[in-house]
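Here's the structure we're looking at; comments come further down.
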Amino acid sequence: GYGLPIGGVLATTDDVVIPYAVGKDIGCRMSLTILDAGADYLEKHHDRAVEALQNNTAFGLDGILPFKQYHPLFDKSGFREIPLLKNLREKAVRQLGTSGKGNHFVDICEIVLSSGNTLGLSKGRYLGILSHSGSRGLGAAIADYYTGIAKETCRLPRQAGPFAWLSLNSEAGQEYWKCMEIAGEYSAVNHECIHLNVAKALRLKPLTNVSNHHNFAWRDKLPDGRSTIIHRKGATPAHQDETGIIPGSMATPGYIVSGKGCTKSLFSASHGAGRTMSRLDAKNSISRHALKKYLTEYNVTLIGGTTEEAPQAYKDIHQVMESQQELVNIEGRITPRIVRMSEE
């Protein structure tokens with residue numbers, strides 16, 4: 001990544017924000033909708049589920065859905081008053097309900113909830129929709145534009161350039177913060193549209209939803225009472241009892257978690273399993289045949305996807321969860337069954 005590495009968490013004073021510590025995919029988000037069906041739904045309706053993902057999701061730079069959508073978010077004053085957002089509005093409307101490339105996905109999954117979970121649902125097995133994506137071209141353009149301004153006004157050595165900050169007392173800083181918040185809302189709306197469209201195609205109703213941002217900046221307080229801005233780039237917020245999702249890979253489990261409010265990690269946990277191979281290494285060393293064999297073994301149907309995102313390129317999610325027992329409690333387990341990803 002630029003500036004912060006993926007998984008980085010950084011606290012600044014309460015009057016500065018670092019655009020590249022937030023990242024380019026502002027408000028990138030995990031979202032899980034638990035549906036009113038048991039995990040055995042796919043035994044009878046596997047083909048319907050495949051069609052639901054094929055017809056109601058789109059990925060990549062040119063990913064556009066074949067039907068029109070709109071949301072009241074686009075009526076917000078920021079899209080009229082901030083020139084950058086005004087210019088990006090039409091593209092954002094066009095990309096509504098779609099996902100990026102790389103490790104972004106929409107899964108139909110099995111969920112096992114523990115007894116006494118904080119979601120208010122009974123212990124048991126459920127069907128769900130799990131997605132990972134962000135603010136599309138809107139967030140990337142905001143990051144590039146305001147990082148350019150930050151670098152002009154905050155002169156740092158070349159190697160530290162991506163850490164250039166904006167004062168939140170300045171016009172540019174206040175404008176960036178508004179844009180960041182709108183990009184975060186846009187990301188949430190994207191997921192909302194995806195989940196509603198897919199659930200409707202499955203002919204099922206949502207019971208509840210669990211979501212959390214990463215690639216964002218939050219106003220917070222440190223343990224000593226100081227006000228701060230906490231930047232999380234590929235890290236999950238984990239305040240006391242805060243609910244979140246930590247995914248594995250396209251074939252390995254993810255987890256519904258609640259935070260323990262650990263101050264040493266700035267109230268944060270990992271965003272996912274994390275990679276052991278770069279995308280290029282994975283592409284060069286993992287064959288399509290090896291990926292297909294792995295997915296068959298784990299009973300996963302893949303639509304699109306590439307070997308760059310193969311499960312073999314990721315860390316062992318069980319070890320990752322074991323290593324952060326101080327940070328989160330496990331509330332439930334998510335197992336991918338049908339996975340839709342970008343084909344690039």
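Given the structure is predicted, the values throughout are model-derived calculations rather than measurements. Values below: all heavy atoms of this structure, side chains included; hydrogens, waters and symmetry mates excluded.
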Any chain of hydrophobic side-chain contacts (each under 4.5 Å) joining [X] to [Y]?
{"X": "Val300", "Y": "Ile317", "answer": "no"}
{"X": "Val50", "Y": "Leu53", "answer": "yes"}
{"X": "Leu121", "Y": "Leu35", "answer": "no"}
{"X": "Ile194", "Y": "Phe59", "answer": "yes"}
{"X": "Ile303", "Y": "Leu202", "answer": "yes"}

Any donor-acceptor N/O pair, [X] side chain to [Y] backbone, under 3.5 Å:
{"X": "Arg80", "Y": "Asp75", "answer": "yes"}
{"X": "Thr147", "Y": "Asp144", "answer": "no"}
{"X": "Ser135", "Y": "Leu138", "answer": "no"}
{"X": "Ser167", "Y": "Val16", "answer": "no"}
{"X": "Arg136", "Y": "Ala92", "answer": "no"}
{"X": "Gln325", "Y": "Glu322", "answer": "yes"}
{"X": "Thr228", "Y": "Thr12", "answer": "yes"}
{"X": "Gln312", "Y": "Ile286", "answer": "no"}

Self-check item: Residue pairs passing the salt bridge (Lys or Arg N to Asp or Glu O under 4.0 Å) test where at least one lies in residues 181-204, sequence neighbours excluded
Solution: Lys76-Glu185

Quiz item: His231 and Val17: side-chain contact (heavy atoms from CB on, under 4.5 Å), yes or no, with the steps?
Solution: CA-CA 8 Å; His231 306 65; Val17 64; 3.7 Å; yes

Quiz prompt | Student check: side-chain heavy atoms of Thr276 and Lys315 closer than 4.5 Å | solution = yes

Quiz item: Hey, are the side chains of Thr306 and Lys283 touching, using non-hydrogen atoms and a 4.5 Å cut-off?
Solution: no

Quiz prompt | Ring geometry between His318 and Tyr255 (parallel below 30°, tilted from 30 to 60°, perpendicular above 60°) | solution =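 Because their plane-to-plane angle is over 60°, the rings of Tyr255 and His318 count as perpendicular.
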
Qualifying side chain to side chain donor-acceptor pair (under 3.5 Å) pairs, either residue in [range], two or more places apart:
{"range": "residues 287-302", "answer": "His46-Thr301"}
{"range": "residues 241-251", "answer": "His239-Glu242, Ser249-Thr252"}
{"range": "residues 54-69", "answer": "Thr57-Arg340, Gln69-Asn197"}

Pairwise distance [atom1]([X]) to [atom2]([Y]) - rounded to 0.5 angstrom:
{"X": "Asn212", "Y": "Arg232", "atom1": "CG", "atom2": "CZ", "answer": "10.0 Å"}
{"X": "Asn215", "Y": "Lys24", "atom1": "CG", "atom2": "NZ", "answer": "12.0 Å"}
{"X": "His191", "Y": "Leu32", "atom1": "NE2", "atom2": "CG", "answer": "11.5 Å"}
{"X": "Ser211", "Y": "Leu130", "atom1": "OG", "atom2": "CG", "answer": "9.5 Å"}
{"X": "Leu222", "Y": "Asp224", "atom1": "CG", "atom2": "CG", "answer": "5.5 Å"}
{"X": "Asn190", "Y": "Ser133", "atom1": "CG", "atom2": "OG", "answer": "6.0 Å"}

Locate the shortest heavy-atom distance separating [X] from [Y]; write the atom from each residue and the value.
{"X": "Ala58", "Y": "Ile64", "answer": "CB-N, 3.8 Å"}
{"X": "Met341", "Y": "Met250", "answer": "SD-CE, 3.6 Å"}
{"X": "Leu291", "Y": "Pro311", "answer": "CD1-CD, 3.6 Å"}
{"X": "Ala217", "Y": "Val22", "answer": "CB-CG2, 3.8 Å"}
{"X": "Ala141", "Y": "Leu84", "answer": "O-CD2, 4.2 Å"}
{"X": "Ala269", "Y": "Ile246", "answer": "CB-CD1, 4.3 Å"}

Sequence neighbours left out, what passes side-chain hydrogen bond (donor to acceptor under 3.5 Å, both in side chains) with [X]? Give chain and number order.
{"X": "Glu51", "result": "none"}
{"X": "Thr33", "result": "His195, Asn209"}
{"X": "Thr208", "result": "none"}

Quiz prompt | Residue list, ring pair (Phe, Tyr, Trp, His ring centres under 6.0 Å) with His214, at least two apart or on another chain | solution =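 Checked His214 against ring pair (Phe, Tyr, Trp, His ring centres under 6.0 Å); matches are His132, His271.
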
Practice problem: Apply the test side-chain contact (heavy atoms from CB on, under 4.5 Å) to residues Gln240 and Phe267: give CA-CA distance (whole Å), side-chain angles for both, the deciding distance (0.1 Å), then the verdict. | Solution: CA-CA 8 Å; Gln240 184 69 44; Phe267 319 111; over 6 Å; no

Practice problem: Could you list the residues that satisfy salt bridge (charged side-chain N to carboxylate O under 4.0 Å, His left out) with Lys178, not counting sequence neighbours? | Solution: none

Quiz prompt | By salt bridge (charged side-chain N to carboxylate O under 4.0 Å, His left out) - contacts of Arg219 (at least two apart) | solution = none

Determine whether more than 12 heavy atoms belonging to other residues, nucleotides or ligands lie under 6.0 Å from atom [atom1] of [X].
{"X": "Phe79", "atom1": "CZ", "answer": "yes"}
{"X": "Glu90", "atom1": "CD", "answer": "no"}
{"X": "Glu326", "atom1": "CD", "answer": "no"}
{"X": "Glu171", "atom1": "CD", "answer": "no"}

Exercise. Report the C-alpha separation of Val210 and Leu119 in whole Å, then their side-chain angles, then the decisive distance to 0.1 Å, and conclude whether the side-chain contact (heavy atoms from CB on, under 4.5 Å) test is met.
Key: CA-CA 8 Å; Val210 181; Leu119 306 182; 3.5 Å; yes

Quiz item: Which ring pair (Phe, Tyr, Trp, His ring centres under 6.0 Å) pairs, counting each pair once, include a residue from residues 148-182, with sequence neighbours left out?
Solution: Tyr146-Tyr176

Practice problem: Apply side-chain contact (heavy atoms from CB on, under 4.5 Å) to Trp218 and Ile229, showing your working. | Solution: CA-CA 5 Å; Trp218 291 260; Ile229 303 294; over 6 Å; no

For residues 103-114, please give each side-chain donor-acceptor pair under 3.5 Å, one per line with the distance, not counting sequence neighbours.
| residue | atom | partner | partner atom | Å |
| --- | --- | --- | --- | --- |
| His104 | ND1 | Gly100 | N | 3.2 |
| His104 | NE2 | Asp25 | OD2 | 3.3 |
| Glu110 | OE1 | Arg125 | NH2 | 3.0 |
| Glu110 | OE2 | Arg337 | NE | 3.0 |
| Ser114 | OG | Glu331 | O | 3.1 |

